[in-house]
Amino acid sequence: KEKKKITRELVQTVLARKPKMCSFLEWRDLKIVYKRYASLYFCCAIEDQDNELITLEIIHRYVELLDKYFGSVCELDIIFNFEKAYFILDEFLLGGEVQETSKKNVLKAIEQADLLQESQNEEWGGLSEDIL
Amino acid sequence: MALKMVKGSIDRMFDKNLQDLVRGIRNHKEDEAKYISQCIDEIKQELKQDNIAVKANAVCKLTYALALTWAIFLQRVGYLAASQCFHEGTDVIMLTTNQIRKDLSSPSQYDTGVALTGLSCFVTPDLARDLASDIMTLMSHTKPYIRKKAVLIMYKVFLKYPESLRPAFPRLKEKLEDPDPGVQSAAVNVICELARRNPKNYLSLAPLFFKLMTSSTNNWVLIKIIKLFGALTPLEPRLGKKLIEPLTNLIHSTSAMSLLYECVNTVIAVLISLSSGMPNHSASIQLCVQKLRILIEDSDQNLKYLGLLAMSKILKTHPKSVQSHKDLVLQCLDDKDESIRLRALDLLYGMVSKKNLMEIVKKLMTHVDKAEGTTYRDELLTKIIDICSQSNYQHITNFEWYISILVELTRLEGTRHGHLIAAQMLDVAIRVKAIRKFAVSQMSALLDNAHLVASSTQRNGICEVLYAAAWICGEFSEHLQEPHQTLEAMLRPKVTTLPGHIQAVYVQNVVKLYASILQQQEQAAEAEAAQEVTQLMVERLPQFVQSADLEVQERASCILQLVKHVQKLQAKGVPVAEEVSALFAGELNPVAPKAQKKVPVPEGLDLDAWINEPPSDSESEDEKPKAIFHDEEPRHVRRRQPEEDEEELARRREARKQEQANNPFYIKSSPSPQKRYRDAPGVEHIPVVQIDLSVPLKVPGMPMSDQYVKLEEERRHRQRLEKDKKKKRKKEKDRKGKHRRHSSLPTESDEDIAPAQQVDIVTEEMPENALPSDEEDKDPNDPYRALDIDLDKPLADSEKLPVQKHRNTEVSKSPEKDEVPVVEKKSKKPKKKEKKPKEKEKKKERERKKSSRHKKKKHKKEREEKEKKKAKRKQPEREHEQEEPVQNGAAEEEEEETLPPMSSYRLLAENSFIKMTYDIQASLQKDSQVTVSVILENQSGSFLKNMELSVLDSLNAKMARPEGSSVHAGVPVPFQLPPGVSNEAQFVFTVQSIIMAQKLKGTLSFIAKDDDGATHEKLDFRLHFSCSSYLITTPCYSDAFARLLESGDLSMSSIKVDGISMSFQNLLSKICFYHHFSVVERVDSCASMYSRSIQGHHVCLLLKKGESSVSVDGKCSDPTLLSSLLEEMKATLAQC
């Protein structure tokens, strides 16, 4: 519930900003760094001492990853494959820290995990037909 | 409805809760998988219910089941769900500990990775304690992929379970020198985070990090290290000196803005922490400021913003080096981006000096005029006031200028800060004695000027200024040049439209004014004029007596009586002026806002103790009417802060002097030496530049502050000439000035400018024995404080991480890592074996089916195409109807190219007599019925009659026959066909399962009658029920669509078709038409689509067009249905 409230509040403030404005704003005791890609906004909340520019870099890197993975990403991809977007994020960041800076490595890990999941999927599919 | 709810709650009673689920799973050891899939079906049912509690329970169970049975289900999805919905209060987490441990030691690195990732989102103190040692082991895993994740998650573990920090730290430190750069940077990240909170424990690592910094080329890592050093330097100044050089090198060399920014920030932090003894200190500051200037001059708004932000940090310690960039900052005030302008304003606050204050404020004033949007304008207004009033009006050399600025600000429309301006006016007028005369003249002009009163209702903010104006004119009425005129202005009928608290002040100050007028006139022996004034008062005061505001009413009626009394005395010729003005004798002193708090509590006084017995309930009821008055009071007190309890004081003015002696609030502070010096020349001796002011005084309320700027320049020029003579002495002074920087006195060059007026800035009063306030308390709830642990002490035995031991196997701790997977494998193997052979069979079967289907399709396609054209020609009406879904697809955009007309009618069979085309229509009302419309066209010259359609039913699909007829009987066609005529007949089929396409064999028998006689004819056909025909075009909104996808119980599959030349728009239309989909959303060459089957399956599609290919991702509640649909779609797309 709290999460929802925060999301709504941030969406409102970020969307109210004009494209010519800079992408930082102060919010409670955090700083919000956001970036807009076409119709998608990516927001990060960072602490006071954190570097805003590196956060922008992180956002950009994540978008690059999404783009590589989905092939010219758009919001429909993210709505449709939201779990994939989460997986990529998890491979890229862990506990709020960048864990892998190489795009190649992240994508490799994702693809292999995908393969693994698919093989598990088939097992599960086979089983379900047995039961039915 | 009520019934439904009752039913719902009864159902819930029978629902399994999580504990039941766990127990159940344990009891079904042998057929665990089966039991779980049963449960999952139940859970699916629960998920569909409205009740949120049931839903939540179901989700918990589902995640548990998923996590538990990773070998069978999608463990990746399970962890994702867990990370989204688990939080510290979720009791399921307790149950998952063992499962997570099992996953952590899984042989597959991705399983372990997923477990770690999930854990990072929902780790609890308990989990952290139980799993810390497992994660520690993973930190030395052979795969860097795992090591990296394990290292990063340790930070979360430390936060939740601080005891683990000491035992784990040596290994963490090892990882700083890991061969894999990813692991290394992970370790840097963790240690940097730790060190930022409690730097002192990590000082010993500084040499190691220094080595890393000079050797690393990875910017991500460098930034972290540099940030870490920023945290360390305040504790170790020597480190700072060592850092400056490599950092400046980096600043010079790097092209990455983020790194540059971080370096600059750290250099600033280092320089702040260093005492000014550094030799190349100013050089590096200069470098920073230069680089920041480049940032600010950049066209990128983000860099500009950050540049200004960093500037303001430098400003705090090195204001001079920033001040030289004033031009740049002023330029930023013109920026389009409000947040940049605000940053620039912040900077200005610190940049003003005596020299440039007027110039800067002038610039700001022009911005005030230009500014659109009240919020920014209000911000400007407060900033102007802040800048001017900062550190006790330190930078103001000419208070007349300031007053006129304030007066100019009153012309602002719609500001909310009228009270701020008012407060400033009052403050300045009270504390700067020399300015009172000027202030009073300005204020009387304000009072006279109707514009403030006129529209007081609309811009209620600004009329607050009148409050100050009235008070100043009343209190310092001796300075008024034309008191009579002001008095009249204050008694105008329009005044009654002002807010109550302002009227109250008006009333009160009218009397003060009146008193001073009386005195003047009595001195001049103009008894008649004095009586006239009294008469005016008696005439006008009643308008206030009628006020709705109680405060105004009270004061007015009181004063009216007083004036009437005076009138009587005047009539008798008694001199009254002395007595009336005695009412307001004495002077008001400003009291510091904190004074009340600072009064020490006398010994033995307990403020919380009751003085009398607490009143009984009945008494408190009696008190209620009083509350009405109490309600009003706090508001008034708050608004006129500078002369708190003014009313009360006025009444007691007589007794005031005695009171001052023993009242701690009014003890005069011992004046500072500076103040005493300035006090010495009386008000009369203050050299005010009156001659130049004569013009602005007569044009009150007009913008005139500009003239002061000119004046000031002239004055300074004169001073400079004088100064040149005394240069030598000045230099000495300058040097002294530097040492005094911390005091709020003007410093350095500022001292050169002598103020235009000798100004007596009265310090606010404080009680003598004020307590020094230090409220520096640390937040005990800070989660990071728990991690303030000395890491260099050797480990004690008691600090070992708790390690869970297996009950039956007595093994030492080290082989644990290898041992667990072995157990795991054993338990898994049998299951896999069981499945595999079946799996293979299934696959083969499927392949067979596919290939056969393909062959048939190819045959058909050619025929179908011909068929389409014909059907189109003959069925114009129908065509129109069918076009509708196409438009649905095209709704978002104009059609780029015309699409060949489409028909859903396909050829069923054909011979020389008759041609049959058919379409299958489904309807939402009947979840297992479809209607097959068959168009029969007579192609011969014969008359066709007695037509009968018979179909060979399958297990799954049956034709609906008239009641009583046998299972194999045919259904008669209800019409006859003359030559060349066509007609349509409809047949209903019931279908059990709709997840697979199927074909039914059938025969049409009829009698063809021509001139020669009648013949019995037959036509065989195959009815093809495609899965698409079970779908019904259903519109879906994008948010509902997203929710559907989020629910997560859809299975997923995808296809890709190459060699597509058709436009995306037409492609969409085709899919909408032939497969009954509707477009949910479309962005460029990507679209999401939705449809629903008659049995309620949701089908979601994501279509994406590449260069010459189209990929279709599908999600559907039934995987078999989805794959059948995608196959059909592939066939459609292949023709495009």
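As a basis for the values below, the full set of heavy atoms in this structure was taken, side chains included, without hydrogen atoms, waters or symmetry mates. We name chains A, B, ... by the order of the sequence lines, and we start the count at 1 in each one.
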**CD-CG distance between A:Glu57 and B:Leu259, expressed to the nearest 0.5 angstrom** = 10.5 Å

**Message:** Quick check: closest heavy atoms across A:Phe80 and B:Leu1101, and the distance to 0.1 Å?
**Reply:** CE1-C, 3.6 Å

**Prompt:** Angle class for the A:Phe92/B:Trp220 ring planes (parallel below 30°, perpendicular above 60°, tilted otherwise)?
**Reply:** perpendicular

**Message:** On a heavy-atom basis, which atom in B:Glu262 and which in A:Asn51 lie closest, and how many Å separate them?
**Reply:** OE1-ND2, 2.7 Å

**Non-hydrogen atoms of A:Glu52 and B:Tyr261 that approach each other most closely** = OE1-CE2, 3.4 Å

**Asked** So which part of B:Ala1042 gets closer than 4.5 Å to some heavy atom of chain A, the side chain, the backbone, both or neither?
**Response** both

**Prompt:** With respect to B:Met257, which candidate in A:Leu53, A:Leu56, A:Ile54 satisfies the side-chain contact (heavy atoms from CB on, under 4.5 Å) definition?
**Reply:** A:Leu53

**Asked** Side chain, backbone, both or neither: which part of B:Lys1104 has a heavy atom under 4.5 Å from chain A?
**Response** side chain

**Prompt:** Rounded to the nearest 0.5 Å, how far apart are CG of A:Asn81 and OG of B:Ser1054?
**Reply:** 9.0 Å

**Prompt:** Just wondering, are more than 12 heavy atoms of other shown residues or ligands nearer than 6.0 Å to NZ in A:Lys35?
**Reply:** yes

**Message:** Out of A:Leu25, A:Thr55, A:Ile58, return the one with the most heavy atom pairs under 4.5 angstrom to chain B.
**Reply:** A:Ile58

**Prompt:** Could you give the distance from SG (A:Cys74) to CZ (B:Arg1082), rounded to the nearest 0.5 Å?
**Reply:** 11.0 Å

**Fill in**
What one should report as the nearest heavy-atom pair of B:Val1083 and A:Leu76 is N-CD1, 3.8 Å

**Request:** Please list, chain by chain and in numerical order, all residues satisfying side chain to side chain contact (heavy atoms under 4.5 Å, CB included) with B:Gln184, sequence neighbours excluded.
**Result:** B:Leu212

**Asked** Partners of B:Lys1115 by side-chain hydrogen bond (donor to acceptor under 3.5 Å, both in side chains), sequence neighbours excluded?
**Response** A:Glu83

**Asked** For B:Lys156, is it the side chain, the backbone, both, or neither that has a heavy atom closer than 4.5 Å to a heavy atom of chain A?
**Response** side chain

**Asked** Between B:Asn219 and chain A, which part of the residue has a heavy atom less than 4.5 Å away: side chain, backbone, both or neither?
**Response** neither

**Prompt:** For B:Ile153, is it the side chain, the backbone, both, or neither that has a heavy atom closer than 4.5 Å to a heavy atom of chain A?
**Reply:** both

**Prompt:** Do you know which of B:Gly1106, B:Gly182, B:Cys1086 has the most heavy-atom pairs under 4.5 Å to chain A?
**Reply:** B:Cys1086

**Complete:** Shortest non-hydrogen pair, A:Phe24 vs B:Leu306, comes out as CE1-CG, 3.6 Å

